[in-house]
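Because only heavy atoms are used, hydrogens play no part in the values below, and waters and symmetry mates are left out as well, while side chains stay in. So you know, we letter chains A, B, ... as the sequences are listed, proteins then strands, and number each from 1.
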Amino acid sequence: MVRVRYAPSPTGSPHVGNIRTALFNWLFARAQGGKFIVRIEDTDRNRFVPGSEEDILLALRWLELDWDEGPEVGGPYSPYKQSERAELYRETAHRLVDEGKAYKCFCASERLAEMRKEQEAAKTAIGYDRRCRRMSKEEAAAREANGEAYVIRFAMPLEGVTSYYDLVHKKEVEFKNVLTDDFVMLKSDGFPTYHLANIVDDHLMEITHVMRADEWMSSMPRHVQLYRALGWEPPKFAHLPLLMGPDGQKLSKRHGTVQFTEFIGEGYLPDAMFNFLALCGWSPGDDREIMSREEILSLFSLDRILDRPAVFHHDKLKWMNGHYIREMSLEQYMAATLPYLQKEGVLPAELNAETRAYAERVLPLEQEKLRLLGEITELTRFFFEEPKSFDEKAVAKWFGETHISQMLDALIQRFNALENFTPEETERVIREVIAWLGVPNGHVIHPTRVALSGRATGPSLFDMIAALGKERVVRRLEKAKQMVRV
RNA sequence: GGCCCCAUGGUCUAGCGGUUCAGGACGUCUGGUUUUCAGCCAGAAGAUCGCGGGUUCGAAUCCCGCUGGGGUCACCA
């Protein structure tokens with residue numbers, strides 16, 4: 001049975017790249033009928049950011065990536081938070097020391113920093129010089145008894161190579177052991193580093209496949225050697241291609257929106273994000289791009305995961321989101337957009353039947369135009385509030401024309417007399433006025449749009465007028481008359 | 001700098017030795033629909049498949065070298 005895990009560190013709000021990794025793990029688990037486990041790797045007490053664990057779980061829930069074991073749901077390998085498993089790692093580290101496969105290191109951080117500086121200057125950079133590895137057991141015991149702080153380092157083999165087969169790269173990746181230094185497994189505060197905790201937990205939780213970002217590839221020799229030293233069988237490894245920014249560097253905050261919660265706030269749809277993220281580093285093998293969850297799930301396979309990094313294309317995500325918005329039913333669309341108007345105070349938190357009906361007439365008029373749900377507010381605000389400002393260019397262009405006063409008067413009079421405020425009827429009225437004035441269509445249509453909405457662009461004018469209703473239309477036209485006089 | 005990974009139009013991607021000297025999508029541009037924007041429809045521009053060698057009757061597809069890009073070198077994950 002396939003068991004995969006998503007093991008985020010609560011050191012900040014999750015990044016799209018992190019969630020992409022979660023998605024791939026989830027897809028693989030579900031496609032294989034396996035288990036998807038979430039494990040919180042909170043072993044760094046300094047970088048812990050309150051609330052980030054909540055954000056991570058929120059992102060997973062939002063994408064509907066349900067986990068079989070982990071926070072909130074528990075499971076047979078509890079706990080799923082590393083800070084609650086600290087004793088396990090400590091025991092493991094000391095066991096390795098006892099077996100001579102790891103050792104206590106008393107080197108001060110100042111010395112290490114100095115050494116790093118020298119190595120950097122000499123362009124050699126080989127890491128820790130293994131000074132304490134040569135220390136006698138007696139000296140180590142004495143220094144420990146003396147109360148000196150120490151870390152536990154893994155004793156890497158001094159010769160030979162370490163290799164592993166990568167399921168994504170489809171090849172054996174090899175590293176020379178001498179080039180990997182004796183890394184710290186257990187910090188002086190008694191907490192494990194990623195390398196130790198991750199291996200211990202993956203083994204104990206019976207993880208079968210480790211899928212994580214490419215940036216981890218270079219620590220493979222450490223991990224493989226650790227498994228060996230512990231006498232454990234390593235899981236299979238799949239390193240996912242990195243997501244890059246437009247400049248080709250690893251995607252980060254510098255590239256604009258990358259935090260997952262921000263994407264949620266801007267108005268992306270879960271299905272669109274799911275679809276897009278699935279395509280970040282994976283391809284179904286044909287020309288398909290718009291795919292439902294079910295379709296993706298049925299097509300997903302490890303060997304179609306790409307092995308090259310890809311630029312995270314924001315524009316394409318937006319395009320895709322727009323596509324998904326256009327496909328929503330009225331109910332879905334209303335449920336998705338209303339909260340944005342309410343959040344901005346354009347609409348009250350509680351809608352009465354009349355307002356709700358009005359919103360249902362109005363909001364769909366811009367459905368085809370939306371790329372982000374959040375855009376709905378500025379696009380439709382004028383339907384709910386009298387326009388406070390008017391597009392200056394449009395006003396300058398149209399309100400100066402000589403026929404405007406006449407036009408407004410005619411429209412006011414005719415709309416006042418109109419019984420059925422339907423798109424067809426309002427169009428008839430507009431056409432009549434155009435004919436009567438003897439001007440090109442645009443010379444009535446454009447100024448009327450500006451008068452009613454304050455904007456130069458918007459939904460079809462006839463639909464807009466019908467949706468606004470007689471009362472608002474007449475009131476706004478009257479108001480426009482004042483503007484023209486001034 | 002060492003080590004590791006990668007290399008098809010601006011971007012993502014199909015292609016896995018011949019019927020593809022390259023298909024699709026985003027973006028860009030043009031035209032159409034139309035009262036605007038968007039959408040939709042039609043079309044266009046844009047890649048000597050990073051470069052150089054091989055292997056082969058034949059390579060974007062296999063091999064080698066080079067170049068370029070990226071990742072990683074913490075008591076962070």
Side-chain angles (χ1 to χ4, degrees), chain A residues 7-12 18 41-44 46-47 105 107 109 112-113 116 119-128 149-153 166 168-169 171 173-176 178-181 183-195 197-198 212-221 239 241-242 244 246 248-250 276 279-290 306-320 322-323 326 366-371 379 394 427 430 434 440-446 448-450 455-462 464:
Chain A
S9 194
T11 53
N18 302 144
E41 308 218 325
D42 57 344
T43 55
D44 187 342
N46 299 321
R47 293 205 311 152
C105 170
C107 291
S109 53
L112 298 175
R116 247 196 310 280
Q119 288 177 348
E120 221 165 275
K123 303 272 186 202
T124 50
I126 43 116
Y128 182 58
Y150 65 88
V151 300
I152 293 182
R153 288 183 183 273
D166 196 291
V168 166
H169 293 283
K171 64 188 270 195
V173 183
E174 216 174 68
F175 300 84
K176 290 189 183 65
V178 260
L179 297 171
T180 299
D181 73 349
F183 61 94
V184 174
M185 296 163 49
L186 201 72
K187 303 180 236 179
S188 57
D189 64 3
F191 273 79
T193 59
Y194 170 86
H195 306 297
N198 191 262
R212 71 223 307 189
D214 250 349
E215 58 198 342
W216 289 106
M217 224 184 322
S218 54
S219 50
M220 278 312 298
H239 287 99
L242 253 19
M244 316 296 253
Q249 307 277 318
K250 192 164 78 163
F276 186 76
L279 255 16
C280 283
W282 174 80
S283 152
D286 54 29
D287 291 338
R288 272 181 279 192
E289 291 202 315
I290 298 288
L306 302 157
D307 62 357
R308 60 194 126 138
V311 173
F312 186 81
H313 203 309
H314 231 101
D315 270 358
K316 190 154 184 175
L317 205 208
K318 273 192 188 170
W319 161 77
M320 194 173 273
H323 174 89
R326 270 171 251 129
E366 296 286 39
Q367 181 169 0
E368 63 183 19
K369 198 178 297 180
L370 286 192
R371 303 218 300 168
L379 248 22
E427 174 167 6
I430 295 277
I434 288 169
N441 294 346
H443 289 241
V444 168
I445 285 169
H446 297 307
T448 305
R449 175 190 307 288
V450 178
R455 300 166 51 91
T457 63
S460 158
L461 182 66
F462 315 128
M464 195 173 112

Strictly by Watson-Crick or wobble contacts shorter than 3.5 Å, is anything paired with G18(B), and which nucleotide is it?
C57(B)

Within the structure shown, what part of the strands sits under 4.0 Å from R116(A) by heavy-atom distance: base, sugar-phosphate, or nothing?
sugar-phosphate

Across all strands shown, which nucleotide pairs with U36(B) by Watson-Crick or G-U wobble geometry, both distances under 3.5 Å?
none

Taking the side chain of R308(A) as heavy atoms from C-beta outward, which of U35(B), C6(B), G71(B) is closest to it?
C6(B)

Say we look at U11(B) and U56(B): how far apart would their P atoms be, to the nearest angstrom?
36 Å

Mind checking whether H323(A) and W319(A) have parallel, tilted or perpendicular rings, split at 30° and 60°?
tilted

Tell me what H313(A) touches on the nucleic acid: a base, only sugar-phosphate, or nothing, going by heavy atoms under 4.0 Å.
base

More 5' along RNA chain B: S460(A) or P192(A), using each one's nearest nucleotide?
S460(A)

Which is true for T457(A) with a 4.0 Å heavy-atom rule: it touches a base, it touches only sugar-phosphate, or it touches nothing?
base

Classify K318(A) by what it touches in the nucleic acid, base, sugar-phosphate, or nothing, heavy-atom distance under 4.0 Å.
nothing

Whole-angstrom distance between U48(B) and A59(B), as gauged at atom C1':
15 Å

Between T11(A) and R47(A) (side chain of the first, backbone of the second, donor and acceptor by atom type, cut-off under 3.5 Å), is there such a pair?
no

Within the structure shown, what part of the strands sits under 4.0 Å from L461(A) by heavy-atom distance: base, sugar-phosphate, or nothing?
base

Within this structure, what is the CD-to-C1' distance between E368(A) and U36(B), rounded to whole angstrom?
12 Å

Considering only C75(B), C26(B), C12(B), which nucleotide approaches the side chain of W319(A) most closely?
C26(B)

Any side-chain N or O of R288(A) under 4.0 Å from OP1/OP2 of U13(B)?
no

Does a side-chain N or O of K369(A) approach OP1 or OP2 of U36(B) to a distance below 4.0 Å, or not?
no

When the C1' atoms of C4(B) and G9(B) are considered, how many whole Å apart are they?
29 Å

Between G10(B) and C66(B), how far apart are the C1' atoms? Round to whole Å, please.
26 Å

Assign the ring pair F183(A) / H195(A) to parallel, tilted or perpendicular, where the plane angle (0 to 90°) is split at 30° and 60°.
perpendicular

Contact class for M244(A) vs. all strands (heavy atom < 4.0 Å): base, sugar-phosphate, or nothing?
sugar-phosphate

Which part of the nucleic acid, if any, lies within contact of E289(A), taking any heavy atom under 4.0 Å across all strands shown: a base, the sugar-phosphate backbone alone, or nothing?
base

Should the side chain of S218(A) and the base of C4(B) be counted as holding a donor-acceptor pair, with the cut-off at 3.5 Å?
no

C4(B), OP1 or OP2 - any side-chain N/O from K171(A) closer than 4.0 Å?
no

Where the side chain of K316(A) is concerned, which of A25(B), A77(B), C75(B) is the nearest nucleotide?
A25(B)

In whole Å, what is the span from the CG atom of D286(A) to the P atom of U13(B)?
15 Å

Indicate, with a heavy-atom threshold strictly under 4.0 Å, whether E366(A) touches base, sugar-phosphate, or nothing.
nothing

In Watson-Crick or G-U wobble terms, with both distances under 3.5 Å, the base opposite C3(B) is G71(B)

Ignoring backbone atoms, test whether K187(A) places a side-chain nitrogen or oxygen under 4.0 Å from the OP1 or OP2 oxygen of A77(B).
yes

How is G322(A) classified with respect to the nucleic acid when contacts are heavy atoms under 4.0 Å: base, sugar-phosphate, or nothing?
nothing

Once you apply a heavy-atom cut-off of 4.0 Å, does G248(A) come out as touching a base, just sugar-phosphate, or nothing?
sugar-phosphate

Can you tell me how far P in C6(B) sits from the matching atom in A42(B), rounded to whole Å?
39 Å

Give the nucleotide from the list U35(B), A77(B), G23(B) with an atom nearest to the side chain of D44(A).
A77(B)

Picking from A14(B), C6(B), C5(B), which would you name as closest to the side chain of V173(A)?
C5(B)

Nearest-neighbour nucleotide for the E215(A) side chain, G71(B), A14(B), G10(B) considered:
G71(B)

Where the side chain of T43(A) is concerned, which of G2(B), A77(B), U35(B) is the nearest nucleotide?
A77(B)

Find the distance N46(A):CG to A77(B):C1' and express it as a whole number of Å.
13 Å

Taking the same atom, C1', in G24(B) and in U36(B), what whole-Å distance lies between them?
32 Å

Report the distance from atom NZ of K250(A) to atom CG of D214(A), rounding to the nearest 0.5 Å.
10.5 Å

Figure out the CG/C1' separation between L179(A) and C73(B), and round it to whole Å.
11 Å

Heavy atoms under 4.0 Å, any strand shown: does I290(A) hit a base, just sugar-phosphate, or nothing?
nothing

Please tell me which of the listed nucleotides, C76(B), A14(B), U11(B), lies nearest to the side chain of V311(A)?
U11(B)

Atom CD of Q367(A) to atom C1' of C37(B): distance rounded to whole Å?
16 Å

Quick check on C6(B): is either OP1 or OP2 less than 4.0 Å from any side-chain nitrogen or oxygen of H169(A)?
yes

If you pin P8(A) and D181(A) to their nearest nucleotides in RNA chain B, which one's is more 5'?
D181(A)

So what does Y194(A) hit on the nucleic acid, given a heavy-atom distance under 4.0 Å: a base, only sugar-phosphate, or nothing?
base

Counting N and O atoms only, with roles assigned by atom type, does the side chain of S9(A) sit under 3.5 Å from a partner on the main chain of E41(A), one being a donor and the other an acceptor?
yes

Which part of the nucleic acid does F462(A) contact within heavy-atom distance under 4.0 Å: base, sugar-phosphate only, or nothing?
base

Is it the case that the base of G71(B) and the side chain of D214(A) share a donor-acceptor contact (distance under 3.5 Å, atom types as modelled)?
no

Partner nucleotide of A42(B) by Watson-Crick or wobble geometry (both distances under 3.5 Å)
U30(B)

As a test of reading the structure: which of C76(B), U35(B), C3(B) is closest to the side chain of R449(A), going by heavy atoms?
U35(B)

Provide, to the nearest angstrom, the distance between the CZ atom belonging to R455(A) and the P atom belonging to A38(B).
13 Å

Provide the distance between the two C1' atoms, one in A60(B) and one in G2(B), to the nearest whole Å.
32 Å

Classify R153(A) by what it touches in the nucleic acid, base, sugar-phosphate, or nothing, heavy-atom distance under 4.0 Å.
sugar-phosphate

What is the distance, to the nearest angstrom, from the CD atom on E174(A) to the C1' atom on C3(B)?
12 Å

Using the P atom as the reference point in each nucleotide, state the distance between G31(B) and C37(B) in Å, no decimals.
12 Å

Heavy-atom closest pair (L379(A) atom, R455(A) atom, distance to 0.1 Å) is CD1-NH2, 3.5 Å

Nearest to the Q249(A) side chain among C37(B), C5(B), G71(B), which nucleotide is it?
G71(B)

